[in-house]
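The residues of the chain are indexed from 1 along the displayed sequence. The model shown is predicted, which means the values in this text are computed figures rather than measured ones.
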Amino acid sequence: MCIRDRATPRQPEGNKFKREWFGIVDAVPKEARRVRYWDNGGSDGSGDYTTGVLMAEFQEQYFVEDMVRGQWSDLAREQIKRLTAEMDGPEVEIWNEQEPGSGGKDSANATKRNLAGFNVHTEIASGSKEVRAGPFAAQCEARNVFLKRAHWNAAYINELCAFPNGTNDDQVDGSSGAFGKLALGVGRAASAPGRVVQSVV
């Protein structure tokens, strides 16, 4: 059974994600491979949100472990990325979506300079948002995706279930990007045997 936020009005359900697909766990194995994927948003207090999704993989199960999300100025965004990287630790690989054009390249280079000392990469996303979300949605449908219990769970599920009809899709984009990297084998390799014991609400 998934978390339900009765106080928050929901947007119309989309056709990519369903509420019953998500389980909640209290802990994620330390041995899991981890990546933090940043989807950059607009300006301070307006526009699209910037989202940093920390996702882990262990024994072919995927865990959305942490969510950093807000509407920040360029300077504040870089400060938050640096602080988040320091809290995650050097073993977490960082990916940053680069917007097309010279402005996107300049922003990506600024992030690389800001995160000097960490394993940071940038990429230009290709294809539609729906196409990029497809592989992640397939794993959600197979009940292979779990959320670590936290205050952001309900808002996260609400946004995914509204996609692609919702107002915001930044958490979808960040999750698609993070899953794509883990599926390709990036991140610290897991070493402990066995399946995860699931504590699902």
Side-chain angles (χ1 to χ4, degrees), residues 25-45 47-58 61-126 132-133 136 145-153 155-156 159-160 168-192:
V25 298
D26 291 311
V28 178
K30 292 182 180 180
E31 300 86 357
R33 295 182 298 119
R34 289 174 168 84
V35 299
R36 172 83 69 172
Y37 195 99
W38 289 96
D39 178 68
N40 296 317
S43 59
D44 186 13
D48 294 333
Y49 285 81
T50 292
T51 298
V53 180
L54 178 64
M55 191 176 292
E57 184 275 336
F58 184 75
Q61 293 179 327
Y62 297 86
F63 302 85
V64 185
E65 191 169 8
D66 183 55
M67 181 69 59
V68 178
R69 182 173 183 257
Q71 295 170 310
W72 302 301
S73 67
D74 292 346
L75 176 59
R77 182 173 63 220
E78 292 303 322
Q79 291 172 335
I80 289 167
K81 286 183 180 182
R82 180 75 192 191
L83 177 61
T84 302
E86 291 172 354
M87 294 177 66
D88 286 345
E91 70 276 7
V92 175
E93 192 163 322
I94 303 167
W95 284 82
N96 187 70
E97 183 177 337
Q98 178 182 329
E99 297 296 330
S102 59
K105 184 176 181 179
D106 290 344
S107 177
N109 287 335
T111 295
K112 285 185 176 180
R113 289 192 298 270
N114 177 47
L115 296 179
F118 293 94
N119 189 2
V120 58
H121 311 270
T122 61
E123 68 171 0
I124 300 176
S126 60
R132 297 201 305 269
F136 178 57
V145 177
F146 303 86
L147 313 184
K148 185 176 180 181
R149 190 186 308 277
H151 65 90
W152 48 263
N153 291 166
Y156 179 84
E159 181 180 308
L160 265 65
N168 300 113
D169 55 20
D170 47 275
Q171 295 178 99
V172 178
D173 289 347
S175 298
S176 300
F179 170 78
K181 298 309 170 189
L182 288 171
L184 290 174
V186 305
R188 185 180 65 183
S191 58

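- Taking 4.5 Å as the limit, every side-chain heavy atom of Val172 sits out of range of all side-chain heavy atoms of Phe136.
- Summarising the geometry, atom CD belonging to Glu93 is positioned 12.5 Å from atom CG belonging to Asp88; distances are rounded to the nearest 0.5 Å.
- In terms of modelled atom types and a separation under 3.5 Å, the side chain of Arg69 and the main chain of Gln171 share no donor-acceptor contact.
- The OH atom of Tyr49 sits 13.5 Å away from the CG atom of Asp39 when rounded to the nearest 0.5 Å.
- Contact annotation: the side chain of Arg149 never approaches that of Val25 to less than 4.5 Å [non-hydrogen atoms, C-beta and beyond].
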query: Between Glu91 and Arg34, is a salt bridge (charged side-chain N to carboxylate O under 4.0 Å, His left out) present by the stated rule, with each step listed?
result: CA-CA 8 Å; Glu91 70 276 7; Arg34 289 174 168 84; over 6 Å; no
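- Counting heavy atoms from C-beta outward, Asp173 and Arg132 have side chains that approach closer than 4.5 Å.
- Side-chain contact between Phe118 and Lys81: absent, with no pair of heavy atoms (C-beta onward) separated by less than 4.5 Å.
- Two residues are said to be in side-chain contact when any heavy atoms from C-beta on lie closer than 4.5 Å; Val64 and Val53 meet this criterion.
- For Ala178 against Val35, the heavy-atom pair with the smallest separation is O-CG2, 3.6 Å.
- With hydrogens and angles disregarded, no donor-acceptor distance shorter than 3.5 Å links the side chain of Glu123 to the backbone of Trp95.
- Remark: the backbone N or O of Glu78 is paired with a side-chain donor or acceptor of Asn114 at under 3.5 angstrom.
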message: With ring-ring contact (aromatic ring centres under 6.0 Å, His included) as the criterion, how do Phe179 and Tyr62 come out once you've worked through the C-alpha distance, each side chain's angles and the decisive distance to 0.1 Å?
response: CA-CA 8 Å; Phe179 170 78; Tyr62 297 86; 4.8 Å; yes
field: Worked verdict on Lys105 versus Gln98 for side chain to side chain contact (heavy atoms under 4.5 Å, CB included)
entry: CA-CA 7 Å; Lys105 184 176 181 179; Gln98 178 182 329; 3.7 Å; yes
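- Trp152 contributes atom CH2, which lies 11.5 Å from atom OG1 of Thr51 (distance to the nearest 0.5 angstrom).
- The structure places CD of Glu65 at 12.5 Å from CD of Glu57, a figure rounded to the nearest 0.5 Å.
- Listed for the Arg82 side chain is no donor-acceptor partner under 3.5 Å among the backbone atoms of Arg77.
- A donor-acceptor pair is defined here as one N or O able to donate and one able to accept, closer than 3.5 Å; such a pair exists between the side chain of Asn153 and the backbone of Ala150.
- Residues Leu115 and Ile94 are in side-chain contact: their nearest non-hydrogen atoms beyond the backbone lie under 4.5 Å apart.
- Side-chain atoms of Tyr37 and Ser176 form no donor-acceptor pair, as typed in the model, at a separation below 3.5 Å.
- Proximity of Asp170 to Asp48: side-chain heavy atoms (C-beta onward) are nowhere separated by under 4.5 Å.
- Without hydrogens or angle criteria, Arg36 side chain to Val92 main chain gives no donor-acceptor distance under 3.5 Å.
- One N or O on the side chain of Asn40 and one on the backbone of Glu97 form a donor-acceptor pair closer than 3.5 Å.
- Residues Asp66 and Met55 are not in side-chain contact: their nearest non-hydrogen atoms beyond the backbone lie 4.5 Å or more apart.
- Between Phe58 and Phe63, the distance from one ring center to the other does not fall under 6.0 angstrom.
- Residues Thr50 and Gly41 approach most closely at OG1-N, 2.8 Å, considering heavy atoms.
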